[in-house]
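Inspection log for the structure reproduced underneath, given as structure tokens.
In each ligand, atom 1 is the first atom listed, and ligand 1 is the first ligand listed. Because only heavy atoms are used, hydrogens play no part in the values below, and waters and symmetry mates are left out as well, while side chains stay in.
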Amino acid sequence: MKINKCVLYISILSLLLTSCFKGIHVDCVIHNAQVHTMDAENTVAQAIAFHKGKIVEIGPERQILNKYTADEEIDAQGKDVYPGFNDSHGHLLLYAQQKLSLDLHDCLSFDEMLVRIERFASRNPNKTIVGKGWDHSLWSQKELPTNERINDLFPNRAVVLYRVDEHTALLNQKALDLAKINLNTQIDGGEIQIIENKLSGIISDNALNLIETILPQYTQEELSKAILEIQDELLQYGITGVHEAGINFKDIALFKHLIQTGKFHINLYAMLMATPENIEFARKNGPFQYKNLKIQSFKVMADGAIGSYGALLKSPYSDNLETNGTLLTSFNEMKRIALLSEQFGYQMNTHAIGDQANFLTLQIIKEINETNKDHRWRIEHAQVIDSSDLSKYGEYGVFPSIQPTHAMSDYRWVKDRLGENRMLFAYSYKSLLKQSGMIAIGTDFPVEDIDPFTTIHTAVQRTPIEGGTAFKTAEGISLEECIKGMTIWSAWASFQENEIGSLEAGKDATLVIFESPVKSSTSYSSNFANTTFIKGKKVYSVE
Ligand SMILES: [Zn+2]
């Protein structure tokens, strides 16, 4: 008996050992997790195996653990696992430039801004002073500022201060002189403000192109360093992809350089500004892919922003009857770019905030939809839409690309600008989703905070993260819809649904284990990634 028992034990042991050795070898298994796949059935599983950057299998705990042996086995201790989040509308380059310039965010008065400028000026004695992020709606005096006091402080040094929306800047006289802007300067699709026959220093939209030559030129090293810092920030939030909303020709080289260093892992879907050089690039390359950089779209600016009266409305602003806003690109030019996009197999992603800008853009997309139903053309922001135009989103297959935090930053003052009637169809994310079936969701960083949990909170709860009155709660979307907007729908919005956006066998192992449960409740709670993988590579870990 004893011998028999012993033989039995040995044979069980050897069976176990051989089954271990027979286990299929993979790079990594994450188990004891809540794996939210975001697939068509919204499957939630316990374990996931991946190898050489691709997902091999997702399934129940025992099934995965029995079948695979892994170089790295991670016990997620019940934590949530999601596909890596995408920011469907952000500005890495602008954010990098912001990091290299004077930060004026959260200045609560013009005086505070002056203090920050003086401090920055003494530390950076040579270059033109560039500040970013002021927002006069936070000041007790809510009018746009003028440049007199800055002229007194800096008579011989150029100062350029961008408003938070980047659609307006305040320049001192020295900067105006260097940019050769005077009372006679004419500009299409922009404004050079004149008050009592004097330049106030405020310029907006296309007028900003006039100051490009006086801005300090940052080196590739400076920009790369800043972008890698931003990448760290993104990865710690579980953001593994960004739709970069508007780059120029020289920026393509910068991103290729960054990728070649082996340090830049973010999936970057870049929209090209429709400049002649970029159009030639697209004509030559068509849809372009260089490792984790993908280019298949043009960004077109139909109008400006509501805050600075630049968004193009069908009728005048309710608190400024003298203006309807500004059309930044003529209808014919938008149409020309649309036809080129169609020819190159590109998307046209149009910044359209006001109802008239949306109307005009929808007109153009209508024609494209007649020949190509799967064009996936996007309207970026889609903030104010006339009731008669809303259904066109569904009819013409337009992809709304929205930023829920904008609604919460704007609602303190936006009712004054738009009036009650237009508010009925403003920031209507639920209605847009009903029309289109999918929405792409982003933050517009650095205009808004990069934190995707702020996006979740504002999209679902429709209150600012610091609390306060809810805003158009009926237009809130569910947690699941919001996450889809940052994962699978965002992937669709960038022609990448076969590679990313959901956790399914064969797709990229681009995923995040979050520190805390991913949820939305009435009060905002922060959350961060515990571990972030891009194509199977661990790119961030709290350890
Ligand atoms: Zn933007």
Between [Y] and [X], is the closest basic N to carboxylate O distance under 4.0 Å?
| X | Y | value |
| --- | --- | --- |
| Lys132 | Glu166 | yes |
| Lys99 | Glu233 | yes |
| Arg116 | Glu112 | yes |

Shortest-distance N/O/S atom, Asp444 versus the Zn ion (ligand 1) =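 The atom in question is OD1.
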
Could you grab the angle centred on the Zn ion (ligand 1), going from NE2 in His89 to NE2 in His91, to 10°?
->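 That angle works out to 100° after rounding to 10°.
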
Run the side chain to side chain donor-acceptor pair (under 3.5 Å) check on Ser520 and Gln461 step by step: do they pass?
-> CA-CA 8 Å; Ser520 177; Gln461 305 294 333; 2.9 Å; yes

Is there an N/O/S atom in His381 at a distance below 2.8 Å from the Zn ion (ligand 1)?
->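 It does not: His381 brings no N, O or S atom closer than 2.8 Å to the Zn ion (ligand 1).
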
Is Glu380 close enough to the Zn ion (ligand 1) to have an N, O or S atom under 2.8 Å?
->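 Glu380 does not place any N, O or S atom closer than 2.8 Å to the Zn ion (ligand 1).
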
